[in-house]
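Take a look at the structure set out below.
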Amino acid sequence: MTLAQTPPVAAAARGHHDTGERVRLTPTAGVSLGVAVIWLSVLVLLPLAAVVARGTGHGWNEFWHVVSSRGALDAIRLTVISSLIVAVVNAAMGTLIAWVLVRDRFFGRRLLEIAIDIPFALPTIVAGLVMLTLYGKGGPLGLDLYATRPGVVLALLFVTLPFVVRTVQPVLMALDRDVEEAAASLGAGPLVVFRRVVLPSITPAIASGAALAFGRAMGEYGSVILIAGGLPRTTVASQYVYGQIQDGYLADAASVSTVLLVISIVVLSSLGIFHRRQVRRG
Amino acid sequence: MGIEAVGISKRFGDFVALESVDLHVETGRLTALLGPSGGGKSTLLRIIGGLDDPDEGSVHIDGLEATGVPPQRRNVGFVFQHYAAFKHLSVYRNVAFGLEIRKRPKAEIRQRVHELLELVHLEQFADRLPSQLSGGQRQRMALARALAVQPRVLLLDEPFGALDTMVRKELRDWLRRLHDEMHVTTVFVTHDQEEALEVSDELVVINHGRIEQVGTPTELYDNPDNEFVMGFLGPVTRLGPQLVRPHDIEVFLTPEPGAVEASVTRLQRIGFEVRAELATPDSTPWVQLNRGQAEALKLQVGARVWLRAARDASTLRAAG
């Protein structure tokens, strides 16, 4: 659900650069724009507007009262902080994995290539079950992350792994090796080459991958609930919202969702601005 | 001194790129590695620059062991066919790159970069991004970038290969003049014989992973060791048992000592040049004449003439 928020946010931010001049669209461009807008409206904008309308329908006092309750605040804080951690860890690890896949030739590379996408293919509840079995109480690794915040982050890391890998990989493949060789012949060691030549070229891809991972983590439900265990201190926002729906507090659920939506928009658009600045330089 | 590469061999899987090649490049010379693509010349250049490691053999640059030394510690300037520009950095920062890595004082960097940009006529483009430059300008930027670190040797891999003919010619002249001013030991790889003959002090012809011949452009053009070198450096035709350059064949209207009889089968004018295709009893040579010569001989298709290699012509016995 949260994943689908990315396109309109980016599109809206881009649109603000218009100079105000009226541009005449060709018939084809007009039709495709029309279809895109209707599609996005039906799938994304209308449902989101409905959530916001429902969430704020009781007036600001009521809205504020709901979202500033202890449970809501804790859930939102845990979700946002975990998602930020997930985005940062993914940016680093995803880039590393993409690098290994593109640059190194080793036995089992093909297998690893397929394994990357498994978190996408697996039903999230199954992923959650696997996480619980492996890293829960009495798991084979001797770790007990059941009902802990690291457990939540771990589950989120699992389901968001492919994003950065898959956005960075094609960019890395398209990089000209002679640029790195030029830097080396000018005196740059491998680390300097990476930091000053490779990283600037792949930063936009890392940023979009991290944004996708963040978005997915903000809305993730299935993979987290089992290992989170349902205790108040490990309740993520989606779980909190679900709980409220089950208890019949639909308007309250919508209010908390509205807050999540606003935070997502802020984070994604700031990553988008960063991305565009990089693209303009590159 | 200069570059000393001894016994260099390099394989890529089953493909033999270089087979025990010895190369000596004197300090301050401009040397061209010339040969067909896939002949090993780029591989040899990359081995000198440390971008590839040889399977066997050693490289010394200015008397210092360079074999196995990574490129960043060889102090060589490398220029690539496709410019290898740092796309995210301005022209100024591209040129400053090597100096910034060496942590030179800002003022020194600024002065040196401006000197170099002036040298390559890019002063007014300092703040542009490489994507805003033409191909020729990008390559000049790449050259300035390589020269900024005052390399012991400058290595250029098909530096003009991606440029169109006009720019190519201009840059070629310019490289020659630049070299005459700077005297940095330079090796450049090309598959274009005209470029090699025009620019270089010394030519190294490489084919099938071996050096075929080394010498000045004149030596190689006039006294090729073998058919390959002769054919690669200029046009060759066969007159009887001899291989000879088409402009080195004398045409007579009457029998002469040593001349063989031939008949003209085709005449073709290309600007000022006239190409006459002929037939002798055992060969079908072609002769390159200028317009004046062709008119004086009143050459026509079917005409009977006598052909002989000029006295000072370089000739080789045709194999087979």
_I need the contact set between residues 98-119 of chain B and chain A: heavy-atom distance under 4.5 Å, sorted by residue number._
B:Gly98, B:Glu100, B:Ile101, B:Arg102
*asked:* Once side-chain contact (heavy atoms from CB on, under 4.5 Å) is applied, do any residues pair with A:Arg195, and if so which ones, sequence neighbours excluded?
replied: none
*Non-hydrogen atoms of chain A under 4.5 Å away: do they reach the side chain of B:Ala146, the backbone, both or neither?*
backbone
*Go through the atoms of A:Val192 and report whether side chain, backbone, both or neither lie under 4.5 Å from a heavy atom of chain B.*
side chain
*How long is the span from the CZ atom in A:Arg196 to the CZ atom in B:Phe97, to the nearest 0.5 Å?*
5.0 Å
*Relative to chain A, which segment of B:Ala85 carries a heavy atom at a distance below 4.5 Å: side chain, backbone, both, or neither?*
backbone
*Which of residues 169-186 of chain A get closer than 4.5 angstrom to chain B, counting heavy atoms alone?*
A:Asp176, A:Asp178, A:Val179, A:Glu181, A:Ala182, A:Ala183, A:Ala184, A:Ser185, A:Leu186
*asked:* A quick test of your reading: do over 12 heavy atoms of other residues, nucleotides or ligands sit less than 6.0 Å from CZ of A:Arg166?
replied: yes
_B:Phe80, part contacting chain A, at a heavy-atom distance under 4.5 Å_ = side chain
*Residue, of B:Gln81, B:His82, B:Arg145, that accumulates the most heavy atom pairs under 4.5 Å with chain A*: B:Arg145
*Using a heavy-atom cutoff of under 4.5 Å, enumerate the residues of residues 49-77 of chain B that contact chain A, numbered in order, or state 'none'.*
B:Leu51, B:Pro71, B:Gln72, B:Val76
*Determine the option with the most heavy-atom pairs under 4.5 angstrom with chain A, choosing from B:Ala84, B:Pro151, B:Ala148, B:Ala142.*
B:Ala84
*Would you find more than 12 non-hydrogen atoms of other residues, nucleotides or ligands less than 6.0 Å from A:Asp104 atom CG?*
yes
